[in-house]
Amino acid sequence: MNNRYNTSSFLQINVFNLSSESVFPAFLFATLSYMIILFCNLTLILTIVLNKSLHQPMYLILLNLPINDLIGSSALFPQLIKEILRNSGIMQYSACVAQAFFIHIYAAGTVFNLSAMAYDRYIAICYPLQYSTVMTNAHIMRIITIVWMSCLVLIAVLFFLLLRLPRCRSEMTNPYCDNASLLTLVCADTTINNIYGLFISAFSQLVANGIVFYTYLRILITCFRSKRSDTKAKALQTCATHLIVFLLLECLGLFTIISYRLNNVSPHFRRFMGLSTLIFPPTLNPIIYGLKTKEIQEKVLNFLKNRMFSS
């Protein structure tokens with residue numbers, strides 16, 4: 001075997017090089033962030049699952065978003081919190097690949113799930129009379145299956161192309177693992193990997209942006225043609241809020257992807273953008289898309305009232 005190939009099962013992970021005084025604030029921030037994400041997303045999941053009145057197309061599609069957010073946050077935070085406490089800078093290669101795989105599943109799942117939700121709202125608002133005949137249980141299952149199978153196939157191919165290549169380095173510069181970071185450890189031609197990575201990024205962005213902007217534009221046009229002023233105001237508020245969150249996700253993801261292509265980008269900026277993509281959307285998504293919804297708010301408040309009075 002060629003000695004230049006590094007077959008070590010451990011990697012050196014650069015978390016933040018924290019001083020002893022910074023360990024506790026970093027641990028507290030990471031733990032609280034993870035607990036907030038868990039609480040918000042699990043609350044949304046349990047509210048939809050446990051209330052039969054919410055077993056409707058809109059909420060069945062919405063259910064996949066907090067599940068996806070939990071996949072991404074759980075891929076990041078337990079390992080990050082453990083490393084902050086241990087400060088060893090060592091991570092198993094297999095654990096790093098698994099973390100990277102689920103982080104990419106989360107990234108693809110977010111844009112595809114938001115696209116599916118936008119499509120559902122488009123049918124509900126622009127074609128209300130046909131909604132029940134179009135959005136049947138079978139059609140909902142097809143949409144959900146297409147979303148998750150698309151994520152799994154695209155990301156599985158990405159990591160198949162990665163794992164076929166030999167490694168000759170073991171030092172990571174990011175506090176978490178992803179495909180781009182793992183490619184820096186490779187000592188072979190990565191042209192195919194780079195082309196495929198750019199392809200799935202462009203494909204997912206074109207599909208997501210195309211569906212979201214087209215559907216919300218049609219929703220706004222339909223609502224502004226309505227004679228009811230309250231309908232216009234509600235539609236504008238809902239669409240604006242959803243689009244702001246979607247654009248935040250897109251900007252964070254785009255800056256992260258671009259930062260890997262530019263050598264003069266600060267490593268600290270790259271880490272901040274990457275971590276922001278894994279912290280802010282999983283925190284905001286269940287609040288903006290779920291807990292602000294009137295029906296879900298009522299179910300959560302009724303549950304809390306019943307628990308308070310029963311105790």
Side-chain angles (χ1 to χ4, degrees), residues 5-7 9 11 13 64-65 67-76 79-80 91-116 144-211 249-263 265 270-271 273-278 281-282:
Y5 291 164
N6 186 341
T7 58
S9 59
L11 299 176
I13 303 292
N64 293 271
L65 190 62
I67 292 173
N68 183 69
D69 287 337
L70 288 179
I71 290 173
S73 56
S74 296
L76 171 70
Q79 177 63 36
L80 185 64
M91 185 178 185
Q92 280 193 331
Y93 178 70
S94 58
C96 184
V97 171
Q99 183 187 62
F101 178 81
F102 286 110
I103 284 176
H104 282 273
I105 288 288
Y106 154 78
T110 300
V111 294
F112 287 144
N113 276 303
L114 291 176
S115 301
I144 294 173
T145 302
I146 289 172
V147 165
W148 287 109
M149 286 304 298
S150 298
C151 295
L152 288 172
V153 171
L154 290 172
I155 303 307
V157 173
L158 181 71
F159 279 82
F160 169 78
L161 293 174
L162 168 71
L163 295 176
R164 68 190 173 88
L165 300 174
R167 289 183 291 125
C168 57
R169 288 175 286 273
S170 61
E171 185 174 353
M172 301 273 291
T173 58
N174 273 355
Y176 64 91
C177 301
D178 59 5
N179 176 66
S181 297
L182 288 170
L183 277 178
T184 63
L185 309 179
V186 168
C187 47
D189 184 18
T190 60
T191 302
I192 295 176
N193 301 68
N194 292 329
I195 291 174
Y196 182 75
L198 289 173
F199 162 73
I200 62 173
S201 297
F203 173 75
S204 60
Q205 295 306 310
L206 285 173
V207 170
N209 286 305
I211 292 176
L249 170 69
E250 290 296 294
C251 290
L252 290 173
L254 184 62
F255 285 143
T256 303
I257 293 171
I258 293 175
S259 68
Y260 281 110
R261 311 295 172 186
L262 302 176
N263 295 326
V265 174
R270 185 182 296 130
R271 292 169 196 161
M273 297 306 295
L275 289 172
S276 297
T277 308
L278 292 160

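Nothing here was measured: the structure is a model prediction, and the numbers come from that model.
- For L163, the side chain to side chain contact (heavy atoms under 4.5 Å, CB included) partners are Y93, V97, not counting sequence neighbours.
- Separating the OG1 atom in T184 from the CE atom in M172 is a distance of 6.0 Å, to the nearest 0.5 Å.
- Using a distance-only test at 3.5 Å, with no hydrogens or angles considered, a donor-acceptor pair links the side chain of N68 to the main chain of Y106.
- When the shell of 6.0 Å around CD1 of I192 is examined, it contains 12 or fewer heavy atoms from other residues, nucleotides or ligands.
- Expressed to the nearest 0.5 Å, how far CD1 of I200 lies from CG of L158 amounts to 4.5 Å.
- Residues N113 and W148 have side chains that never bring a donor and an acceptor to within less than 3.5 angstrom of each other.
- A distance of 11.0 Å separates CG of L206 from CD1 of I211, quoted to the nearest 0.5 Å.
- Atom CG of L182 sits about 12.5 Å away from atom OG1 of T190, to the nearest 0.5 Å.
- Judged purely by atom type and a 3.5 angstrom limit, S204 uses its side chain to pair as donor or acceptor with the backbone of S201.
- In this view, S276 satisfies the side-chain hydrogen bond (donor to acceptor under 3.5 Å, both in side chains) rule with no residue, not counting sequence neighbours.
- Within the model, atoms CZ of R167 and SG of C187 stand 9.5 Å from one another, a figure rounded to the nearest 0.5 Å.
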Please evaluate residues N179 and H104 with respect to the criterion side chain to side chain contact (heavy atoms under 4.5 Å, CB included), reporting the C-alpha separation (whole Å), side-chain torsions for both, the decisive distance (0.1 Å), and the verdict. CA-CA 8 Å; N179 176 66; H104 282 273; 3.4 Å; yes
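- Under the ring pair (Phe, Tyr, Trp, His ring centres under 6.0 Å) criterion, F102 pairs with no residue at all, not counting sequence neighbours.
- The heavy-atom pair separating F112 from C151 by the smallest distance is CD1-SG, 3.6 Å.
- If you check the side chains of D178 and S181, you find a donor sitting under 3.5 Å from an acceptor.
- Residues V147 and A116 share a closest heavy-atom pair of CG2-CB, 4.1 Å.
- Here Q99 contributes atom CD and Y176 contributes atom OH; the two are 9.5 Å apart, rounded to the nearest 0.5 Å.
- Residues Y196 and V153 come closest through the heavy atom pair OH-O, 4.3 Å.
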